[in-house]
Structure formats: C-alpha cells, structure tokens
Amino acid sequence: QVQLVESGGGLAQAGGSLRLSCAASGRSVGSYAMGWFRQAPGKEREFVAAISWSGGSTYYADSVKGRFAISRDRAKNTVYLQMNSLRPEDTAVYYCNAHRSMIELQNGVAAARWGQGTQVTVSS
C-alpha cells in the first residue's frame, strides 16, 4: 500500500508563492502517476495537477495552468507542487494521490488512499 504525507502549506498573500511536498512510500511507488487535488470549504475535492511515473508528462486543471507546476524527484519518492501567483480562490486543503493510471488522474479520478492534506490559505 502507498502512504502519502503532504507538507509545505501555510499562509500566503495574493500574488505570493508556496511549494507543497508529498512524500510517498510503499511498494512500487515509483511506478505510480502522482496527482494533487484540493478541497475548499463547502466544496467537493477537485483535481489540480498530475505527473506521470517518469515525470515526462504533466497535466493541469485550467484554473491553475500557467501558475502551478508539478514535479517529482524519483530518487526521493517525493512530488512537489510549486504554486505561484496565488489567489484567494486557491485557499483549500491540498492532497496528493498516487494512481496507477495517469489517464484516470487527468480525468479527475483519484485512487482511494489519501494523505492527511496540507492547508493553504491565501489572503487578499
């Protein structure tokens, strides 16, 4: 089973930046595509970004395209989400997800196991 631990959230001003990390552990974790999702208060969890197992392919939600960048360090089994030009509407709890299918992640379909999430709050 894959275990996920997110970190790096916090408070930022609009226009600022934060970098989230997700440390993954478990059997064959390096063969999984990885994704980030977020959930704002009173809203459903939504897809943010995904990266293939090799790191060679990335995919973003329209709402973050051009502002966020997903990357992974395969040696450290860690996935990052660099968030720039933050907006108040980016405020949410951010979760990472490990999935065997990059296509599923791109379609917003997450695997069942989640980490604890990390809170991102953007003030105006």
Side-chain angles (χ1 to χ4, degrees):
Q1 289 182 337
V2 175
Q3 295 186 330
L4 306 165
V5 178
E6 300 94 336
S7 62
L11 177 64
Q13 291 187 335
S17 299
L18 285 172
R19 189 176 83 153
L20 307 183
S21 299
C22 171
S25 60
R27 186 177 179 183
S28 302
V29 67
S31 65
Y32 284 70
M34 300 293 294
W36 285 95
F37 291 72
R38 67 186 181 186
Q39 188 167 20
K43 296 187 177 181
E44 293 187 355
R45 197 171 301 187
E46 64 175 2
F47 168 79
V48 175
I51 188 166
S52 62
W53 70 271
S54 67
S57 179
T58 58
Y59 187 79
Y60 298 92
D62 288 344
S63 59
V64 306
K65 201 172 295 182
R67 300 188 299 121
F68 290 10
I70 189 171
S71 61
R72 70 189 298 167
D73 184 330
R74 290 177 52 79
K76 296 181 179 179
N77 286 333
T78 299
V79 177
Y80 304 97
L81 186 67
Q82 178 68 42
M83 305 186 296
N84 300 324
S85 302
L86 283 164
R87 303 168 179 169
E89 54 264 39
D90 295 320
T91 295
V93 179
Y94 283 71
Y95 302 88
C96 68
N97 193 266
H99 205 303
R100 291 195 180 276
S101 171
M102 176 70 171
I103 295 175
E104 293 275 89
L105 282 177
Q106 289 177 196
N107 289 329
V109 178
R113 183 169 294 273
W114 297 96
Q116 83 287 353
T118 186
Q119 175 71 48
V120 171
T121 303
V122 183
S123 63
S124 59

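In this chain, residues are counted from 1 in sequence order. Quick caveat, the model's predicted, so the values are computed rather than measured.
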Q: Determine the minimum heavy-atom distance between A111 and A98, stating which atoms define it.
A: CB-O, 3.2 Å
Q. Which heavy atom of V120 sits nearest a heavy atom of G9, and at what distance?
A. CG2-CA, 4.1 Å
Q) Is there a donor-acceptor pair closer than 3.5 Å between any side-chain N or O of R74 and the backbone N or O of W53? A) yes
Q. Any donor and acceptor pair, going by atom type alone, linking the side chain of R72 with main-chain N or O of G55 inside 3.5 Å?
A.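 Between the backbone of G55 and the side chain of R72 there is no qualifying donor-acceptor contact (under 3.5 Å).
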Q) Other than I103, what residues sit in its cluster of Ile, Leu, Val, Met, Phe, Trp and Tyr side chains whose heavy atoms are under 4.5 Å apart, directly or through others? A) none
Q: List, by chain and number, the other hydrophobic cluster members for V5, where Ile, Leu, Val, Met, Phe, Trp and Tyr join if side-chain heavy atoms come within less than 4.5 Å, directly or indirectly.
A: none
Q. Restricting to pairs with a member in residues 104-116, which pass salt bridge (Lys or Arg N to Asp or Glu O under 4.0 Å), not counting sequence neighbours?
A.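 Non-adjacent pairs meeting salt bridge (Lys or Arg N to Asp or Glu O under 4.0 Å): zero.
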Q) Of N97, V64, V79, which is the lone residue that meets side-chain contact (heavy atoms from CB on, under 4.5 Å) with W36? A)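 Single pass found, and it is V79.
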Would you tabulate the side-chain donor-acceptor contacts of residues 17-35 under 3.5 Å, counting partners in other chains and residues two or more places apart, or write 'none'?
residue, atom, partner, partner atom, Å
S17, OG, N84, OD1, 2.9
S31, OG, S28, O, 2.6
Y32, OH, R100, NH2, 3.0

Q.
Set out, in order, the CA-CA distance, both residues' side-chain angles and the distance that settles side chain to side chain contact (heavy atoms under 4.5 Å, CB included) for R67 and D90, then state yes or no.
A. CA-CA 11 Å; R67 300 188 299 121; D90 295 320; 2.8 Å; yes
Would you give the length of the straight line joining atom [atom1] of [X] to atom [atom2] of [Y], rounded to the nearest 0.5 angstrom?
X	Y	atom1	atom2	answer
F37	L105	CZ	CG	5.5 Å
Y80	S7	OH	OG	9.0 Å
S124	R87	OG	CZ	14.0 Å
T78	L4	OG1	CG	10.5 Å
T58	Q106	OG1	CD	9.0 Å

Q.
Can you list everything that forms a side-chain contact (heavy atoms from CB on, under 4.5 Å) with V93? Sequence neighbours excluded, please.
A.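 With sequence neighbours excluded, V93 shows a side-chain contact (heavy atoms from CB on, under 4.5 Å) to Y95, Q119, given in chain and number order.
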Q. Taking 4.0 angstrom as the limit, do D62 and K65 come out as a salt bridge?
A. yes
Q. Under a 4.5 Å side-chain heavy-atom rule over Ile, Leu, Val, Met, Phe, Trp and Tyr, are Y59 and I70 clustered together?
A.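 Different clusters: Y59 never reaches I70 through Ile, Leu, Val, Met, Phe, Trp or Tyr contacts under 4.5 Å.
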Q. Hey, are the side chains of Q116 and E6 touching, using non-hydrogen atoms and a 4.5 Å cut-off?
A. yes
Enumerate donor-acceptor pairs with a distance under 3.5 Å from any side-chain N or O in residues 39-51 to protein atoms, sequence neighbours excluded.
residue, atom, partner, partner atom, Å
Q39, NE2, K43, O, 3.1
E46, OE2, R38, NE, 2.6
E46, OE2, R38, NH2, 3.2

